[in-house]
Amino acid sequence: YEKNIYLGQTSATTYTHTGLATSSLMQYVITARIGDEESVPSDLSVVITLPEFIPEAPENLMLDGGQNNVSLSWNSVDGYGYPIGGSAEFYKIYRSALLDFNFENEMVAIGTSNNENYIDSNLNDNTHYCYAVSGVNSESNEGEKSEISCTGTLTQLPASIPENVNAIGGSQQVVLSW
């Protein structure tokens, strides 16, 4: 019995309960039967199934520096399938300014993504940033970070020259348009 629900019977001294979810609390008692008579239950045996596999580090982190932003993309972490999992339900994005970066300092988590891309916005112009990404499974266990990749944002664009300037003179005024 598992939580007072009959599972089955065996004439052996072992039984394998299959098809269970990961990280599940299971509570078993065993009875003996001879004919129609059944013994009182054994002492309660409590066990937790193994947790879901932790996602592997995302691979092929690609960065594209833009005007005040950096676009990130990476490969999906698909895991191993049922019942051991290991796929990423979402991803955590980490960033550090290149000038502040060293391997002893932790990168700061700046956001999450439900798919394999992210746009980091409102960044400084002409600044270099380093990024890493990790996968998080359905049990909220985070895997290792991807390899670190760095890129820079673009230099601020110069102001454009106004075009199609038009002036219309009137009574003690001039209306300008462009």
Side-chain angles (χ1 to χ4, degrees), residues 19-26 47-178:
L20 303 175
T22 58
S23 298
S24 296
L25 175 68
M26 308 303 291
V47 65
I48 297 176
T49 59
L50 294 175
E52 178 181 350
F53 276 30
I54 294 174
E56 293 181 4
E59 295 181 344
N60 298 319
L61 175 60
M62 303 294 291
L63 307 177
D64 184 22
Q67 193 68 46
N68 301 102
N69 67 67
V70 173
S71 298
L72 294 81
S73 64
W74 55 90
N75 291 356
S76 173
V77 177
D78 297 327
Y80 307 99
Y82 180 82
I84 60 175
S87 65
E89 292 292 311
F90 67 94
Y91 300 90
K92 285 181 84 171
I93 317 303
Y94 292 87
R95 176 186 72 207
S96 176
L98 182 60
L99 293 176
D100 298 332
F101 179 79
N102 69 51
F103 286 102
E104 295 174 12
N105 290 340
E106 288 286 321
M107 297 180 87
V108 176
I110 59 165
T112 61
S113 177
N114 291 327
N115 50 43
E116 295 77 34
N117 55 61
Y118 183 84
I119 297 176
D120 188 15
S121 302
N122 300 319
L123 299 174
N124 293 328
D125 289 323
N126 199 29
T127 304
H128 287 81
Y129 297 94
C130 296
Y131 293 89
V133 177
S134 67
V136 179
N137 69 14
S138 65
E139 296 177 344
S140 299
N141 293 317
E142 182 176 358
E144 294 290 319
K145 292 181 186 90
S146 66
E147 289 188 18
I148 296 167
S149 189
C150 302
T151 193
T153 55
L154 300 175
T155 302
Q156 184 174 4
L157 297 173
S160 60
I161 299 171
E163 296 179 353
N164 301 320
V165 176
N166 191 15
I168 300 173
S171 177
Q172 298 177 336
Q173 68 180 12
V174 174
V175 177
L176 298 168
S177 64
W178 58 93

* Heavy-atom closest contact (Lys145 atom, Ser134 atom, distance) -> CA-CB, 4.1 Å

* What pairs with Ser113 under side-chain hydrogen bond (donor to acceptor under 3.5 Å, both in side chains), at least two apart in sequence or on another chain? -> Asn115

* Shortest non-hydrogen separation from Val77 to Pro55 and the atoms involved -> CG1-CB, 3.9 Å

* Asked: Does any pair with a residue in residues 134-143 pass salt bridge (charged side-chain N to carboxylate O under 4.0 Å, His left out), and if so which ones, sequence neighbours excluded?
  -> Lys92-Glu142

* **With Asn137 via side-chain hydrogen bond (donor to acceptor under 3.5 Å, both in side chains) - residues at least two apart** => none

* Thr153 side chain to Thr127 backbone, donor-acceptor under 3.5 Å -> yes

* Asked: Which one of Asp120, Val108, Val70 satisfies the side chain to side chain contact (heavy atoms under 4.5 Å, CB included) criterion with Arg95?
  -> Asp120

* Structure fact -> For Ile119, the side chain to side chain contact (heavy atoms under 4.5 Å, CB included) test, sequence neighbours excluded, returns Asn69, Ser71, Ser121

* Structure fact -> Residues pairing under salt bridge (charged side-chain N to carboxylate O under 4.0 Å, His left out) where one sits in residues 109-119, two or more places apart or in two chains, turn out to be none

* Structure fact -> Contacts of Asp78 meeting side-chain hydrogen bond (donor to acceptor under 3.5 Å, both in side chains) (sequence neighbours excluded), chain-then-number -> Ser76

* Asked: Of all residues at least two apart in sequence or in a different chain, which pass the ring pair (Phe, Tyr, Trp, His ring centres under 6.0 Å) check with Tyr80?
  -> Phe53

* **Residues in side chain to side chain contact (heavy atoms under 4.5 Å, CB included) contact with Leu25, at least two apart in sequence or another chain** => Gln27, Val46, Ile48

* To do: Taking side chain to side chain contact (heavy atoms under 4.5 Å, CB included) as the test, write out the residues that go with Met26, two or more places apart.
  => Glu2, His17, Leu20, Ser24, Tyr28, Val47, Thr49

* Kindly indicate whether the side chain of Tyr131, heavy atoms from C-beta on, has any atom under 4.5 Å from the side chain of Val133. => no

* To do: Could you tell me the separation between the OG atom of Ser149 and the CG atom of Leu72, rounded to the nearest 0.5 Å?
  => 8.0 Å

* Asked: Yes or no on side-chain contact (heavy atoms from CB on, under 4.5 Å) for Ile110 and Tyr118, after CA distance, side-chain angles and deciding distance?
  -> CA-CA 11 Å; Ile110 59 165; Tyr118 183 84; 4.0 Å; yes

* To do: Could you tell me whether the side chain of Tyr129 reaches within less than 4.5 Å of the side chain of Asn124, counting heavy atoms only?
  => yes

* Do you know the tightest heavy-atom contact between Ile148 and Ala132? -> CG1-CB, 4.3 Å

* Ser138: partners by side-chain hydrogen bond (donor to acceptor under 3.5 Å, both in side chains), with sequence neighbours left out -> Glu52

* Structure fact -> Residues Ser146 and Pro58: closest non-hydrogen pair is CB-O, 3.1 Å

* Structure fact -> Closest heavy-atom pair, Pro51 versus Ser23, reported as atoms and distance to 0.1 Å, is CA-OG, 3.0 Å

* To the nearest 0.5 angstrom, please state how far the CD atom of Glu147 sits from the CG atom of Asn60. => 9.0 Å

* **side chain to side chain contact (heavy atoms under 4.5 Å, CB included) against Asn68, all qualifying residues, sequence neighbours excluded** => Asp125

* Asked: To the nearest 0.5 Å, how far apart are CG in Asn141 and CD in Glu89?
  -> 11.5 Å

* Stepwise, does the side-chain contact (heavy atoms from CB on, under 4.5 Å) test hold for Thr151 with Asp64? -> CA-CA 7 Å; Thr151 193; Asp64 184 22; over 6 Å; no

* Set of ring pair (Phe, Tyr, Trp, His ring centres under 6.0 Å) partners for Tyr91, sequence neighbours left out -> Trp74

